[in-house]
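Worksheet: the structure to be examined is printed underneath.
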Amino acid sequence: MQITRPRGTNDFLPEITAKWQEVEALLRCLCREYGYGEIRTPLFEDTELFSRGVGETTDIVQKEMYTFADHGGRSMTLRPENTASACRAYIENKLYGGVQPVKLYYLGPMFRYEKPQAGRFRQFHQFGLELFGSAAPAADAEVISFAWDLYHRLHIKGLQLKINSVGCPACRPAYKTALQDYFRPYLGELCATCRDRFERNPLRIFDCKSEICRRIGAEAPLLLDSLCPECGEHFTAVQELLTTAAIPFELNPRLVRGLDYYTKTAFEIEVAGIGAQSALCGGGRYDGLIEEIGGTPTPAVGFALGMERIFAALAAQNDDIETTGCLDVYIISGMDKRLKQAAFALACRLRGSGISVEMELGDKSFKAQMKAADRLQAAWTVIFGANEFAAGQAAVRNMASGEQIELPIEDIRGYLMQH
RNA sequence: GUGGAUGUGGCGAAGCGGUUAACGCACCGGAUUGUGGCUCCGGCACCCGAGGGUUCGAUCCCCUUCAUCCACCCCA
């Protein structure tokens, strides 16, 4: 039986990774502009970090984690997201002791045991920001503008920024009760999953796609209408900042994030055309998370984006990332051992000068080597033949023009450097 | 976890219960014993996803399984 890659994972080949590197370079460039420094946390953590941080009731914790016992009997989990780890690191490394806010970014693989489909994988890659230690609305706006800025620089069109406020411990519980009071009479009419959601997380009933639940939910009270003064003012301030920054947004009172740790601002940026998983990124404020996992109460905002979805969006819009990777020189040589050795030595010397060089490692025919040079789109070929070599020379051929000159071997490097 | 579609050589793609599984592209070699992009010639599937079964006989029929894609759920 042929061994294949695990379900929901990908082999990214050079043609693809070249594009990833371009996007990653842009991300790092933006991080420099916005003042975020990279953090790299372990790919696996104590299981409890996620069950507490992400939330026991979430789908991620209940059925999507790659959990295993290590040889010491500790329960470990492959990270399903990076925010909990970043918070843990913030506490563990006492980053609260320095200048606030602390602004971090991460980029790397995450793991969730889900059934793959368009835009969803078991190992996928997220880039994300975490801004610790500021409760200011401007912090929320900065994080949102980063995401907005990024997609614009990638020329992704048709973006929809949706924002909402999911309240805080001061206003959400009362709202939850009010919501349950509203839905209780209709309990029998709701779909099976929503009946389940009714107890666990009634907010999510708004997310239901079933006709009946939608209709019933349409009349339900909105959290936006019952935010406490603090959350209300905060949300208004965030909207004002977005407006002054000319970032168009859409208020979506039904936007509910799937992770338990969100408070106040929640946002999402979507595009059409990449399948059912249309969110390019999602994030918001999580003022309670650091305390939840053992730190002192610290306000924080952040967001995460899916790398794969960036490429899905670009593909859907027939756009692509430009990469440069043309070959400078292909060295051709005859079969003779001394010719091969001279060719190899020249390859080493040229590479040391920053010139990209390919050569036939085995013993393909002259014609086959020429063909290979053509196919690799080499700008130049250097040809080691017996006659020239006897005179200490080799032929240098410009592949585009077909012009060819003979040069002393020691002069080739200088000649190529000038052209 | 549930549902739908698909699974033929590196890629795309015919095919039919029956002796040697089309074709195109790619790849390799040759036509010029030292020179590319064109042309011509030749080579390239003993496993037709895997395992069973039906049949005189199955790539084509049945069952199972695996994988891929898409959707639900949920999310990046």
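So that the names make sense, note that chain A is the first sequence line, chain B the second, and so on, each numbered from 1. From a predicted model like this one, the values you see are computed outputs, not experimental measurements.
- rG43(B) is paired with rC27(B) under the criterion used here, namely a Watson-Crick or G-U wobble arrangement in which both key atom distances are under 3.5 Å.
- Using a 4.0 Å heavy-atom distance criterion, Gln377(A) is classed as making no nucleic acid contact.
- Taking atom NZ of residue Lys371(A) and atom P of nucleotide rG34(B), one finds them 17 Å apart after rounding to whole Å.
- Among the heavy atoms of the strands lying under 4.0 Å from Ser365(A) are primed sugar atoms or P, OP1, OP2 only; no base atom is included.
- Rounded to a whole angstrom, the distance from the C1' atom of rA22(B) to that of rG9(B) is 13 Å.
- Looking at heavy-atom distances under 4.0 Å, Gly119(A) makes contact with a base.
- You'll find that the side chain of Ala118(A) is closest to rC70(B), out of rA76(B), rU35(B), rC70(B).
- No hydrogens or angles considered: a donor-acceptor pair under 3.5 Å links the side chains of Arg413(A) and Ser353(A).
- For Arg112(A) and rA76(B), the CZ to C1' distance is 6 Å, given to the nearest whole Å.
- Annotation: rA45(B) and rG10(B) have their C1' atoms spaced 12 Å apart (nearest Å).
- Residue contacts for Ala395(A): at a heavy-atom cut-off of 4.0 Å it reaches no nucleic acid atom on any strand shown.
- Residue-level contact check: Gly334(A) touches neither bases nor backbone, having no heavy atom under 4.0 Å from any strand.
- Under the Watson-Crick and G-U wobble criteria, each requiring two contacts below 3.5 Å, nucleotide rA21(B) is left unpaired.
- Both distances falling under 3.5 Å, in either a Watson-Crick or a G-U wobble arrangement, place rC61(B) opposite rG53(B).
- Between rC46(B) and rU20(B), the distance separating the two P atoms is 14 Å to the nearest Å.
- Distance check on atom P: rC62(B) versus rC16(B) gives 16 Å, rounded to whole Å.
- When the P atom is compared between rG49(B) and rG43(B), the two are found 26 Å apart, to the nearest whole Å.
- Aromatic rings of Phe267(A) and Trp148(A) (six-membered ring for Trp) have centroids beyond the 6.0 Å cut-off, not under it.
- The partner of rC48(B) is absent, by the rule that a Watson-Crick or G-U pair needs both atom distances under 3.5 Å.
- With both ends at atom P, the span from rA58(B) to rA21(B) equals 15 Å, rounded to whole Å.
- Applying side-chain contact (heavy atoms from CB on, under 4.5 Å) to Tyr106(A) and the options Thr83(A), Leu129(A), Thr41(A) leaves one that passes, Thr83(A).
- A donor-acceptor contact under 3.5 Å is not formed by the side chain of Gln369(A) with the base of rU35(B).
- In this structure, CG of Leu339(A) is placed 15 Å from C1' of rU35(B), rounded to the nearest angstrom.
- The side chain of Ile383(A) lies closest to rU35(B), out of rA76(B), rG1(B), rU35(B).
- The distance from atom CD1 of Ile60(A) to atom P of rC73(B) is 16 Å, rounded to the nearest whole Å.
- Residue contacts for Gly402(A): at a heavy-atom cut-off of 4.0 Å it reaches a base atom on one of the strands shown.
- When distances are taken from the side chain of Arg375(A) to each of rU35(B), rC27(B), rG36(B), the shortest belongs to rC27(B).
- Between Glu114(A) and Glu403(A), the residue whose closest nucleotide on RNA chain B is further toward the 5' end is Glu403(A).
- Side-chain atoms of Gln117(A) and base atoms of rC73(B) include a donor and an acceptor less than 3.5 Å apart.
- The side chain of Lys115(A) has rA71(B) as its nearest neighbour among rU35(B), rA71(B), rC73(B).
- In this structure, Phe146(A) and Phe127(A) have parallel ring planes: the angle between them is below the 30° cut-off, well short of the 60° mark.
- Relative to the side chain of Asp374(A), the nucleotides rC73(B), rG36(B), rA71(B) differ in distance, and rG36(B) lies closest.
- Under 4.0 angstrom from either OP1 or OP2 of rU68(B) there lies no side-chain N or O belonging to Arg122(A).
- Nucleic acid contact for Ala304(A): sugar-phosphate only, since backbone atoms but no base atoms lie under 4.0 Å from a heavy atom of the residue.
- Here Phe121(A) lies in heavy-atom contact (under 4.0 Å) with a base.
- Judged by distance alone, the side chains of Glu81(A) and Gln126(A) never bring a donor and an acceptor atom under 3.5 Å apart.
- Arg120(A) has its CZ atom 13 Å from the P atom of rG1(B), to the nearest Å.
- Nearest nucleotide to the Pro116(A) side chain, out of rG36(B), rC72(B), rC69(B): rC69(B).
- Between the side chains of Glu142(A) and Tyr36(A), at least one donor N or O sits under 3.5 Å from an acceptor N or O.
- Residue contacts for Leu280(A): at a heavy-atom cut-off of 4.0 Å it reaches the sugar-phosphate backbone alone, with no base atom in range.
- In this structure, Asp181(A) pairs ionically with Arg184(A), as a charged nitrogen and a carboxylate oxygen lie closer than 4.0 Å.
- Checked by distance alone, Gln62(A) brings no side-chain donor or acceptor within 3.5 Å of a matching partner on the base of rG1(B).
- Between Asp363(A) atom CG and rG29(B) atom C1' there is a gap of 14 Å when expressed in whole angstrom units.
- Gln404(A) comes within 4.0 angstrom of a nucleotide base, judged by non-hydrogen atoms across all strands.
- What separates CZ of Phe366(A) from C1' of rG34(B) is a distance of 4 Å, to the nearest Å.
- Nucleic acid contact for Met399(A): base, since at least one base atom lies under 4.0 Å from a heavy atom of the residue.
- Here rU6(B) sits opposite rA67(B) as a Watson-Crick or G-U wobble pair (both hydrogen-bonding atom distances under 3.5 Å).
- A sub-4.0 Å separation between OP1 or OP2 of rU68(B) and a side-chain N or O of Arg7(A) is present.
- Comparing Glu81(A) and Asn387(A) along RNA chain B, the residue whose closest nucleotide (by nearest heavy atom) sits nearer the 5' end is Asn387(A).
- Between the side chains of Asp140(A) and His234(A), a donor-acceptor pair is found at a separation under 3.5 Å.
- Closest to the side chain of Met370(A), from the set rU35(B), rC69(B), rA76(B), is rU35(B).
- The pair Arg153(A)-Glu33(A) counts as a salt bridge, with a side-chain nitrogen and a carboxylate oxygen less than 4.0 angstrom apart.
- A straight line from CZ of Arg397(A) to C1' of rG36(B) spans 7 Å, rounded to a whole angstrom.
- With P as the reference atom, rC60(B) and rC48(B) are 9 Å apart, rounded to whole Å.
- The base-pairing partner of rG37(B), taking Watson-Crick or G-U wobble contacts with both distances under 3.5 Å, does not exist among the strands shown.
- Rounded to a whole angstrom, the distance from the C1' atom of rC61(B) to that of rG1(B) is 32 Å.
- Between Phe198(A) and Phe183(A), the distance separating the two ring centers is not shorter than 6.0 angstrom.
- Judged by distance alone with a 3.5 Å cut-off, no donor-acceptor contact links the side chain of Lys367(A) to the base of rU32(B).
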